Amino acid sequence: MPELPEVESARQVVEAGGLHREIADVDDTDTYECRPHQPGDLRTALVGRSLTAAHRQGKSMWCDTSGDGPALGIHLGMSGRIVITSPEGERVVGGDYEGTPKVPRVAKDEWYRFTLTFADGGTLRLLDKRRLGRVRLDPDLSALGPDAEHVGREEFRERVGKGTAPLKARLLDQSVVAGIGNLLADEVLWRAKLDPRRPAGELRTSELDELRRQLRAGIRHAVKHGGVHTGEVIPHRASGEHCPRCGAPMVRATVGGRTTWWCSQEQGTL
DNA sequence: CCATATGTTAAAAG
DNA sequence: ACTTTTAACATATG
């Protein structure tokens with residue numbers, strides 16, 4: 001689930017409750033989640049330090065550490081959430097799946113893939129049911145494009161409006177613009193009334209500007225209301241559903257390698 | 001058993 | 001050489 005809005009939520013949770021607490025122990029024994037590190041690598045690097053700041057670019061987040069230590073990179077993958085507990089055991093969850101009824105309220109212990117135990121007795125854990133998330137030291141973010149929430153108009157035009165790949169594939173490419181996932185892409189394309197299948201390079205400048213406008217609006221809405229699931233068209237990504245604006249049938253196909261839904265009338269310009 | 005899933009990326013194809 | 005597409009990754013669920 002985690003796309004830019006959820007990762008921002010997770011980042012805020014870490015910023016509010018995970019900083020300046022001494023790290024007393026680290027469980028980095030999940031060798032897939034912590035790839036390519038070996039068990040003990042993260043523990044050795046982090047014990048005795050504390051997190052001092054939480055950053056995000058696109059769907060990647062990382063924390064600075066005290067004493068000039070390495071950055072702690074966290075990627076939530078397809079199902080990651082951050083769970084922080086206070087010394088008294090109170091839980092705060094970041095990047096939660098608002099509106100997804102399938103996620104059980106109580107997680108199984110084995111879904112916790114990485115744990116920082118603080119000297120005060122609390123913890124910061126990565127809860128990742130599908131195990132495609134990642135924790136690593138000094139993550140390489142050089143391949144990421146500018147953050148989707150802050151990319152400028154000129155840069156957006158140049159990066160998104162080129163190539164023969166479908167517009168949606170272009171939006172999902174994290175090296176073009178970072179932070180857009182499958183649901184947010186559908187939401188934003190619907191808001192901008194653009195056909196996801198159109199070759200990105202064929203868009204007019206006015207269409208790219210409107211797309212960026214709706215991208216920012218869609219992100220703001222999702223951050224404010226609790227995740228990409230709160231988007232207007234998201235509940236209508238299902239067979240038999242209709243466009244909440246015009247009532248025309250929603251249609252489905254694979255675009256950019258991902259299941260894609262769009263309004264057959266307003267976005268059917270191909 | 002089959003299909004699907006909010007992400008990334010290496011490999012293959014063009 | 002560069003861009004685009006596909007498959008694989010690990011796991012859960014309907």
Side-chain angles (χ1 to χ4, degrees), chain A residues 1-10 30-36 56-61 73-82 94-114 126-136 139-145 148 159-190 196-202 218-219 221-223 225-231 233-235 237-239 252-261:
Chain A
M1 140 219 197
E3 303 187 31
L4 188 157
E6 289 76 20
V7 180
E8 175 58 21
S9 154
D30 188 319
T31 54
Y32 189 79
E33 203 84 2
C34 298
R35 64 196 182 282
R56 178 191 65 75
Q57 183 174 342
K59 305 172 196 171
S60 293
M61 62 178 287
I74 300 175
H75 197 294
L76 301 180
M78 284 282 259
S79 61
R81 280 172 288 178
I82 296 293
D96 209 347
Y97 295 62
E98 294 295 334
T100 49
K102 292 168 191 166
V103 177
R105 288 160 61 189
V106 178
K108 296 180 183 175
D109 282 348
E110 57 264 35
W111 291 343
Y112 289 99
R113 314 291 184 180
F114 177 79
L126 172 59
L127 173 62
D128 182 13
K129 186 158 62 166
R130 285 173 59 184
R131 212 185 177 206
L132 286 169
R134 193 164 191 176
V135 180
R136 62 181 315 183
D140 179 12
L141 307 172
S142 62
L144 285 182
R159 287 178 163 271
V160 177
K162 66 190 266 189
T164 60
L167 175 57
K168 177 168 177 182
R170 198 81 190 146
L171 288 177
L172 290 175
D173 186 338
Q174 304 299 299
S175 69
V176 174
V177 164
I180 304 171
N182 197 36
L183 295 184
L184 186 59
D186 278 6
E187 173 74 10
V188 166
L189 287 167
W190 174 80
R197 302 166 298 177
R198 277 179 65 189
E202 292 182 6
I219 291 172
H221 185 279
V223 169
H225 292 87
V228 288
H229 272 91
T230 63
V233 85
I234 302 305
R237 296 173 81 260
S239 56
R252 176 197 144 130
T254 297
V255 180
R258 317 286 269 129
T259 295
T260 302
W261 291 88

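Computed from a prediction, not measured in an experiment: that's the story for all the values here. Every chain is numbered from 1 and lettered A, B, ... according to where its sequence line falls, protein lines coming before strand lines.
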Evaluate the side-chain proximity of [Y] to [X]: yes if any heavy-atom separation is below 4.5 Å, no if none is.
| X | Y | value |
| --- | --- | --- |
| Ile74(A) | Val7(A) | no |
| Lys59(A) | Leu76(A) | no |
| Ile234(A) | Trp261(A) | no |

Original post:
Which part of the nucleic acid, if any, lies within reach of Gly181(A) when heavy atoms closer than 4.0 Å are counted: base, sugar-phosphate only, or nothing?
Top reply: sugar-phosphate
Original post:
Within the structure shown, what part of the strands sits under 4.0 Å from Arg252(A) by heavy-atom distance: base, sugar-phosphate, or nothing?
Top reply: sugar-phosphate
Could you list the residues that satisfy side-chain hydrogen bond (donor to acceptor under 3.5 Å, both in side chains) with [X], not counting sequence neighbours?
| X | answer |
| --- | --- |
| Ser60(A) | none |
| Glu187(A) | none |
| Asp186(A) | Lys168(A), Arg237(A) |
| Ser239(A) | none |

Original post:
How would you list, by chain and number, every residue that makes a side chain to side chain contact (heavy atoms under 4.5 Å, CB included) with Ala148(A), sequence neighbours excluded?
Top reply: Leu4(A), Val177(A), Ile180(A), Leu215(A), Ile219(A)
[N] [atom2] sits how many Å from [X] [atom1], rounded?
| X | N | atom1 | atom2 | result |
| --- | --- | --- | --- | --- |
| Arg258(A) | dA7(C) | CZ | P | 14 Å |
| His75(A) | dG7(B) | NE2 | P | 8 Å |
| Met78(A) | dT13(C) | CE | C1' | 13 Å |
| Asn182(A) | dA5(B) | CG | P | 8 Å |
| Arg35(A) | dG7(B) | CZ | C1' | 10 Å |
| Arg81(A) | dG7(B) | CZ | P | 15 Å |
| Leu126(A) | dG7(B) | CG | P | 16 Å |

**OP:** Mind checking the CZ-NZ spacing from Arg81(A) to Lys129(A)? Nearest 0.5 Å is all I need.
**Re:** 7.5 Å
How would you list, by chain and number, every residue that makes a salt bridge (charged side-chain N to carboxylate O under 4.0 Å, His left out) with [X], sequence neighbours excluded?
| X | answer |
| --- | --- |
| Arg198(A) | Glu207(A) |
| Glu33(A) | none |
| Asp30(A) | Arg131(A) |

Subject >> Donor-acceptor under 3.5 Å (Arg159(A) side chain, Arg170(A) main chain) >> reply: no
Subject >> Asp128(A) (side chain) donor-acceptor with Gly133(A) (main chain) under 3.5 angstrom >> reply: yes
**OP:** Under 3.5 Å for both distances, Watson-Crick or G-U wobble, that's the pair rule; now give the dot-bracket for DNA chain B, with | marking pairs to another strand and [ ] for crossing ones.
**Re:** .||||.||||||||
Original post:
When you measure from every atom of DNA chain C, which of residues 162-177 of chain A have a heavy atom less than 4.0 Å away?
Top reply: Gly163(A), Thr164(A), Ala165(A), Pro166(A), Arg170(A)
Output a table of nitrogen or oxygen pairs between the protein and nucleotides 11-14 of chain B separated by less than 3.5 Å.
none

**OP:** Sticking with atom P, work out how far dA11(B) lies from dA10(C), rounded to a whole angstrom.
**Re:** 15 Å
**OP:** For dA1(C) versus dT9(B), give the span between their P atoms, rounded off to a whole number of Å.
**Re:** 23 Å
Below 3.5 Å is the cut-off: list the nitrogen or oxygen pairs between protein and nucleotides 9-12 of chain C, distance only.
unit_1	atom_1	unit_2	atom_2	d
dA10(C)	O3'	Arg131(A)	NH1	2.8
dA10(C)	N3	Arg130(A)	O	3.2
dT11(C)	OP1	Arg131(A)	NE	3.2
dT11(C)	OP1	Arg131(A)	NH1	2.2
dA12(C)	OP1	Trp111(A)	NE1	3.1

